[in-house]
Amino acid sequence: MYLADRSAPAPEGAKTAPDRGPVRAPAVASTVLALGAVSMITDISSEMVTAVLPLYLIAGLGLSPLGFGALDGVYNGVSALVQLTGGHLADRVRNHKLIAGIGYGLSALCKPLLLFAHSLGPISVILTLERTGKGLRTAPRDALISLSTPPELQGRAFGVHRAMDTTGALLGPLAAFLILSLTVDGYDAVFGVSACVAVLGVVVLMLFVPSGVDPVPTPSAASAKATPAKAVAAGGVGTAATARDADRPAPVRLRDALGLLRLPRLRNLAICAVLLGLTTVSDAFVYLLLQRRTGIGDQWFPLMPLGTAAVFLLLAVPAGALADRIGRRTVFLTGHGLLLAGYALLLWAPAWPALPFLVLALHGMFYAATDGVLPAAVAATVPGELRATGMALVGTGQALARFGCSLAFGAAWTLWGTGPALAAAAAGLLCCAAVAGFVLRPSAPQDTR
């Protein structure tokens with residue numbers, strides 16, 4: 001089901017050039033590299049803000065952990081709800097770049113507004129609009145990546161994109177740290193520079209990402225195209241008109257999008273993404289827990305995401321390639337096992353000097369094994385004309401679950417303290433990972449990916 005047609009004379013992954021024989025296609029499509037560059041630049045902008053936001057809200061504005069948990073949940077929950085709209089619109093208008101561009105543009109417009117917001121209400125509105133932009137762009141962007149990549153290389157392609165994206169996540173906190181160190185009014189300076197970088201990302205998208213991507217043909221698609229051709233040869237003009245009608249894509253309806261959940265494999269992926277998202281503590285809480293556990297100074301707080309990003313950057317491509325080779329289920333579940341190990345260290349490990357490095361390394365390994373592997377698995381189960389919608393369905397479920405986790409963890413921290421709250425999250429993650437392993441077990445040869 002997911003392998004390329006091996007009956008063709010040219011080798012798999014190769015193109016035939018006139019009078020020159022087979023020419024091997026590039027391992028990573030140019031569309032993937034262009035989108036990776038856009039994501040890298042945009043992530044520099046976003047992570048500059050994200051790196052200082054917890055400290056700014058809690059230490060600067062005096063927000064409680066419960067209040068921050070609610071805001072962090074809304075910050076991600078809005079993005080999740082809008083993903084459905086972005087995915088469906090991209091499939092309906094059949095222009096993934098247009099919808100992704102609107103999302104990137106909206107996020108860029110919100111960044112300079114942070115310069116004028118110095119209270120919780122306006123900041124909440126701005127962050128909600130910024131996350132709306134992220135929600136619009138995520139599914140169309142991932143659909144562009146999958147549609148430009150052969151099925152057997154999906155994990156590698158998403159790994160390359162996530163590695164480039166994470167390069168931005170690595171540079172963003174570093175830039176925020178340098179700005180805070182060199183300027184007097186550091187937070188406003190961070191927000192201003194972030195706005196300029198976000199605009200650059202939109203420019204790169206408009207100039208270098210192609211407007212349309214033809215889906216990589218699969219054997220079923222090839223046979224579907226061959227049938228009208230045979231009908232034309234056998235039946236003449238009337239069948240030729242039928243062939244033209246068959247080649248014209250049918251409009252994507254909302255009913256078709258909702259019908260995707262009838263696909264057993266996609267439904268199982270969505271269920272597991274939700275279950276595991278319910279026990280995935282947000283990055284900001286992980287960094288705050290690590291700071292309180294180890295006593296790291298406030299001036300070093302913006303550098304914490306660098307540890308996660310550095311490990312993610314190093315392992316994203318190898319993890320994606322490994323998932324293509326041994327199965328995405330195995331790598332995805334292993335990633336959550338690594339996150340559980342990070343929770344255990346935060347709960348019970350002595351205050352070693354190496355503790356921050358170990359926790360951040362496990363955190364980065366978790367993202368490397370899951371962030372690109374899940375959309376690659378989704379892409380293998382959804383037809384090309386509904387690719388963005390399918391990715392949005394799973395992404396929305398996962399993000400809404402993490403929204404719930406942020407609310408629950410913030411409340412548990414406020415009521416019971418950090419230890420019981422994290423222990424509950426760890427116990428939940430262990431149970432949900434066991435359930436996910438059972439739900440995603442291979443039940444047929446095509447399900448082993």
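The analysis underlying the following values was restricted to heavy atoms, covering all of them including side chains, and did not include hydrogens, waters or symmetry mates. Not measured: the values here are computed from a predicted model.
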Kindly indicate whether the side chain of [X], heavy atoms from C-beta on, has any atom under 4.5 Å from the side chain of [Y].
{"X": "L290", "Y": "L360", "result": "yes"}
{"X": "D165", "Y": "M40", "result": "no"}
{"X": "V38", "Y": "R141", "result": "no"}
{"X": "L315", "Y": "M365", "result": "yes"}
{"X": "T31", "Y": "P210", "result": "yes"}
{"X": "C110", "Y": "I126", "result": "yes"}
{"X": "T334", "Y": "T330", "result": "yes"}
{"X": "L127", "Y": "L53", "result": "yes"}

Shortest non-hydrogen contact from [X] toward [Y]:
{"X": "L347", "Y": "G419", "answer": "CD2-O, 3.5 Å"}
{"X": "V281", "Y": "A425", "answer": "CG2-CB, 3.8 Å"}
{"X": "M206", "Y": "K97", "answer": "O-NZ, 3.1 Å"}
{"X": "Y343", "Y": "T279", "answer": "OH-O, 3.3 Å"}
{"X": "I179", "Y": "A189", "answer": "CG2-CB, 3.5 Å"}
{"X": "G168", "Y": "P173", "answer": "O-CD, 4.4 Å"}

How many angstroms lie between atom [atom1] of [X] and atom [atom2] of [Y], to the nearest 0.5 angstrom?
{"X": "N95", "Y": "I102", "atom1": "CG", "atom2": "CD1", "answer": "9.0 Å"}
{"X": "L171", "Y": "I41", "atom1": "CG", "atom2": "CD1", "answer": "11.0 Å"}
{"X": "Y367", "Y": "F312", "atom1": "OH", "atom2": "CZ", "answer": "8.5 Å"}
{"X": "R131", "Y": "L136", "atom1": "CZ", "atom2": "CG", "answer": "12.0 Å"}
{"X": "T166", "Y": "D371", "atom1": "OG1", "atom2": "CG", "answer": "7.0 Å"}
{"X": "M391", "Y": "D91", "atom1": "CE", "atom2": "CG", "answer": "10.5 Å"}

When you measure from the side chain of [X] to the backbone N and O of [Y], does any donor-acceptor pair fall under 3.5 Å?
{"X": "S194", "Y": "V190", "value": "no"}
{"X": "N268", "Y": "L440", "value": "no"}
{"X": "T138", "Y": "G135", "value": "no"}
{"X": "R265", "Y": "T381", "value": "no"}
{"X": "T308", "Y": "M304", "value": "no"}
{"X": "R328", "Y": "L374", "value": "no"}
{"X": "Q154", "Y": "S146", "value": "yes"}
{"X": "R162", "Y": "G159", "value": "no"}
{"X": "S39", "Y": "G36", "value": "no"}
{"X": "Q83", "Y": "A139", "value": "no"}

Among L266, L260, L263, L393, exactly one meets side chain to side chain contact (heavy atoms under 4.5 Å, CB included) together with L386. Which residue is that?
L260

Ring pair (Phe, Tyr, Trp, His ring centres under 6.0 Å) involving F332 - partner list, sequence neighbours excluded
H336

Assess whether side chain to side chain contact (heavy atoms under 4.5 Å, CB included) is satisfied between K111 and C196, documenting all intermediate values.
CA-CA 9 Å; K111 298 294 171 51; C196 296; over 6 Å; no

S107-R137 side chain donor-acceptor pair, cut-off 3.5 Å
yes

With the threshold set at 4.0 Å, does a side-chain nitrogen-carboxylate oxygen contact exist between D283 and R402?
no

Would you call the rings of H363 and Y287 parallel, tilted or perpendicular, where under 30° means parallel and over 60° means perpendicular?
perpendicular

Look at atom CZ of R156 and say whether more than 12 heavy atoms of other residues, nucleotides or ligands are closer to it than 6.0 Å.
no

Can you check side chain to side chain contact (heavy atoms under 4.5 Å, CB included) on L358 and W352, steps first, answer last?
CA-CA 10 Å; L358 291 173; W352 302 320; 4.2 Å; yes

Applying side chain to side chain contact (heavy atoms under 4.5 Å, CB included), run through L35 and F208 and close with a yes or a no.
CA-CA 8 Å; L35 287 168; F208 297 105; over 6 Å; no

